[in-house]
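One structure is given here, and the rest of the page talks about it.
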Amino acid sequence: MELHALTVHEARELLRKREITAVELTQAILERTSLIDGKIKSYLNLAPEAALEQAGQADALLNSGSRAPLLGIPVAIKDVISARGLPTTCGSRILKGYQPPYDSTAVTRLREAGAIILGKTNTDEFAMGSSTENSQYFTTHNPWDTSRVPGGSSGGSAAAVAAGEASFALGSDTGGSVRQPAALCGVVGLRPTYGRISRYGLVAYASSLDQIGPITKDVTDAALVLSVIAGHDPQDSTSLVGPAPDYTRALIPEVRGMRIGLPQEYFASGMDREVESRVREAISLLESLGAKVEEVSLPHTRYSLPTYYLIAPSEASANLARYDGVKYGYSADGKDAWQLIRRTRGQGFGPEVKRRIMLGTYALSAGYYDAYYLQAQKVRTLIKQDFDRALEKFDVLVAPTSPEAAFPIGEKKKDPLEMYMADIFVLAQPLAGIPAISIPCGFAGELPVGMQIMGRPGDEEKILQVAYTYEQASEWHKMRPPV
Ligand code: GLN
């Protein structure tokens, strides 16, 4: 038995029966990581000693009969999510050496549930990107083909889960960064309804879009982890009121009579033929299981990219103003405050982050605010209304997660617009605030393909049920990369 390949629920059962120990599981994953992470480069920071110490404590609790939901399960955390005792760099030089003095709420809840924090995973700088190539430290490699990107910005987390360097991981999704890397690495990525998981301790990129999400090997794990980290948090004023349900109850293998909409705009020309075929085959499978499938139109889809790239940079330009060389991390020399700030930001931020700050500052400036930012907010409402209308008629909408499988490292790095296009199918859901999950649905050549299931706000249960039904009828989630 390869311990590093176990899902969360499989490992949990063996741990509870005391057939394996948390120390053995953690050790196996750490050994696996030291063997392959030179190639994959998932982790910015690994904390093996702290992890083994936590594992020892977990074993003691397991021996005394504790049934904490994630007791003894090793997790990797995207490096934009604060965890006490570990550096949080956001993949940026500007936060080099910064250690948050507190845990994010998601990490607090993982710790309370008994999970073991392995370390922090690579990300595009401040989660801006689709490939991890914007990380100021190094690029993560796709475990299915190490000459290709793992997607982004949560590429380190997705690669770690796919390669067996963690039992599961947390990512963050502002405009697709949980779902797109999950698709490109052949794992499950869930973006919940906006406000379902607390953003407290998640380093802000675009606050009206940012959500933490689990990256897991299968749908059961996604439901398990979501149940632990979701729920109201008084520390986040945008957090949804009320406790989160037990999402594992939604794991019912049944789609008979369910209405599934296929947004025609998501099957656009220009997407990879094989990707489209895999997704259509998956939809046929759902149909054969009794779902009623019909086309639907989301007419404002084509505005999601320009709308996102006005709103996200605008919010980012405000959020990133706090990195001035005084409060956090890196600080350059300067003869006065202004020079210190200018130099710190000039040297500390990478080119993509600077591009976004300039774009956002421009869109928010007097004279352009109405023409760009305000207009984008209005179009955002139209995009949301498209989903409201479609989801009145349909239980869920199904589409590809990404227009293509993992692309070669370097291919899109030179052209920001081409890179932005990689997220063309995952930008509208955050703008609308709706939940969506990406699950593996086959291969294009040797590379995994992801199918995206979108639902009504607050209805994570429905997308989990459809995803679970598909998973039970397929084998894709059991495939592991050759690395
Ligand atoms: N690729 C998108 C961006 O660069 C999405 C990133 C994200 O979801 N964090 O903004």
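Remember, it's 1-based here, ligands and their atoms both numbered in the order they're listed. The residues of the chain are indexed from 1 along the displayed sequence. Note: hydrogens, waters and symmetry copies are ignored here, and every other heavy atom, side chains too, is used.
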Item to check | More than 12 heavy atoms of other groups within 6.0 Å of Lys414 NZ | outcome: no
Checklist entry - For atom OH of Tyr266, is the number of surrounding heavy atoms from other residues, nucleotides or ligands below 6.0 Å larger than 12? => result yes
Checklist entry - Between NE2 of His9 and CG of Leu251, what distance do you get to the nearest 0.5 Å? => result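 One gets 9.0 Å once the value is rounded to the nearest 0.5 Å.
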Item to check | Atoms in ligand 1 flagged as close to Tyr309, the criterion being non-hydrogen separation under 4.0 Å | outcome: 1 (N), 2 (C), 3 (C), 4 (O), 10 (O)
Checklist outcome for this item: For Met128, the ligand 1 atoms with a heavy-atom partner under 4.0 Å come out as 4 (O)
Any nitrogen or oxygen of [X], main chain or side chain, under 3.5 Å from a nitrogen or oxygen of ligand 1?
X: Ser130; answer: yes
X: Ala127; answer: yes
X: Gly175; answer: yes
X: Lys78; answer: no
X: Asp173; answer: no

Taking atom types as modelled, find out whether [X] and [Y] have a side-chain donor-acceptor pair closer than 3.5 angstrom.
X: Ser153; Y: Lys78; value: yes
X: Tyr308; Y: Arg380; value: no
X: Arg199; Y: Ser104; value: no

Checklist entry - Considering only protein heavy atoms, which is closest to atom 1 (N) of ligand 1, and at what distance to one decimal place? => result Asp423 OD2, 2.4 Å
Checklist entry - To the nearest 0.1 Å, how far is atom 7 (C) of ligand 1 from its closest protein heavy atom, and which atom is that? => result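 Looking only at protein heavy atoms, the one closest to atom 7 (C) of ligand 1 is Ser177 OG, 2.4 Å.
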Checklist entry - Within a strict 4.5 Å, meaning less than it, do heavy atoms of the Leu397 and Leu262 side chains meet? => result no
Checklist entry - Aromatic rings Phe126 and Phe349: how do their planes relate, parallel, tilted or perpendicular, breaks at 30° and 60°? => result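 Perpendicular.
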Checklist entry - Considering only heavy atoms, does Tyr308 approach ligand 1 within less than 4.0 Å through its side chain, its backbone, both, or neither? => result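 Side chain only.
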Checklist entry - Backbone, side chain, both or neither: what part of Glu352 comes under 4.0 angstrom of ligand 1, heavy atoms only? => result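 Neither part.
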Checklist entry - Does even one non-hydrogen atom of Ala312 get within less than 4.0 Å of ligand 1? => result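 No, Ala312 has no heavy atoms under 4.0 Å from ligand 1.
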